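First up is the structure itself, then whatever we jot down about it.
The model shown is predicted, which means the values in this text are computed figures rather than measured ones.
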Amino acid sequence: MRAYVQVYFSGAGLEPKVEQHNAHGRSDLEVSVGERHWVFEFKVYYDGQKEEEILLDGISQVKARHYGEQKDSKELRRIVLVYSIPSRQFVKWKTC
């Protein structure tokens with residue numbers, strides 16, 4: 001799923017960065033657009049799990065690991081997306 005989003009951004013003429021390192025970990029996907037820097041964290045939902053818990057875990061991870069905060073001059077936007085394996089689509093998302 002991350003690869004599809006990465007290809008989409010590349011096709012739009014952007015330069016997405018995968019597994020962007022910082023001192024606390026690696027974000028799944030980052031891309032700068034104009035004055036905004038977007039950080040995407042992808043989580044996967046399987047049957048028997050709770051979508052909301054997966055979403056909250058992703059939000060905690062993004063904040064605890066300070067994803068995207070190393071980009072000083074840009075407005076930071078962070079998004080966590082939950083992809084459902086059974087339904088093959090994104091089922092939850094939230095900015096944080």
Side-chain angles (χ1 to χ4, degrees):
M1 89 196 102
R2 180 190 68 208
Y4 292 119
V5 176
Q6 178 187 0
V7 168
Y8 179 80
F9 285 143
S10 294
L14 302 173
E15 296 180 16
K17 294 183 172 48
V18 176
E19 298 288 328
Q20 187 68 32
H21 292 265
N22 75 14
H24 304 281
R26 294 178 291 182
S27 61
D28 287 336
L29 181 69
E30 295 191 20
V31 64
S32 290
V33 182
E35 291 301 313
R36 289 192 179 124
H37 185 73
W38 294 85
V39 177
F40 296 86
E41 183 64 27
F42 299 97
K43 295 297 181 185
V44 179
Y45 163 78
Y46 299 94
D47 277 334
Q49 296 177 307
K50 295 183 179 177
E51 297 168 359
E52 191 66 29
E53 286 181 10
I54 295 169
L55 181 66
L56 293 175
D57 286 344
I59 291 168
S60 295
Q61 178 181 340
V62 166
K63 289 180 179 180
R65 295 185 182 173
H66 306 281
Y67 291 162
E69 291 180 10
Q70 65 276 13
K71 304 288 183 188
D72 293 330
S73 63
K74 304 231 180 212
E75 178 185 344
L76 179 60
R77 298 288 176 111
R78 300 185 288 192
I79 301 174
V80 177
L81 299 108
V82 178
Y83 183 82
S84 170
I85 295 295
S87 64
R88 300 173 74 183
Q89 63 183 348
F90 290 105
V91 292
K92 292 247 183 216
W93 67 275
K94 184 163 179 94
T95 59
C96 53

Applying side chain to side chain donor-acceptor pair (under 3.5 Å), name anything that partners Q61, two or more places apart in sequence or on another chain.
E41, K43, Y67

Hey, could you give me the OG/NZ distance between S27 and K17, rounded to the nearest 0.5 Å?
10.5 Å

Quick check for you: to the nearest 0.5 Å, what is the distance between R65 atom CZ and S60 atom OG?
10.5 Å

Identify, with sequence neighbours excluded, every residue that meets side chain to side chain contact (heavy atoms under 4.5 Å, CB included) alongside Q89.
S87, V91

Mind checking the CG-NE2 spacing from N22 to H66? Nearest 0.5 Å is all I need.
8.0 Å

Considering non-hydrogen atoms only, spot the tightest contact between P86 and D47 and give its length.
CG-OD1, 3.2 Å

May I have all residue pairs that pass salt bridge (Lys or Arg N to Asp or Glu O under 4.0 Å) and include part of residues 78-90, sequence neighbours excluded?
E69-R78

Sorted by chain and number, sequence neighbours left out, salt bridge (Lys or Arg N to Asp or Glu O under 4.0 Å) with E19 holds for R2, R26

Shortest non-hydrogen separation from V62 to C96 and the atoms involved
CG1-SG, 3.9 Å

Co-members of the apolar cluster containing V44 [side chain, <4.5 Å]:
M1, V5, Y8, F9, L14, V18, L29, V31, V33, W38, F40, F42, Y46, I79, L81, Y83, I85, F90, W93

What residue pairs, at least two apart or across chains, pass salt bridge (Lys or Arg N to Asp or Glu O under 4.0 Å) with a residue in residues 52-64?
E52-K92

What one should report as the nearest heavy-atom pair of S84 and Y45 is OG-CD2, 3.4 Å

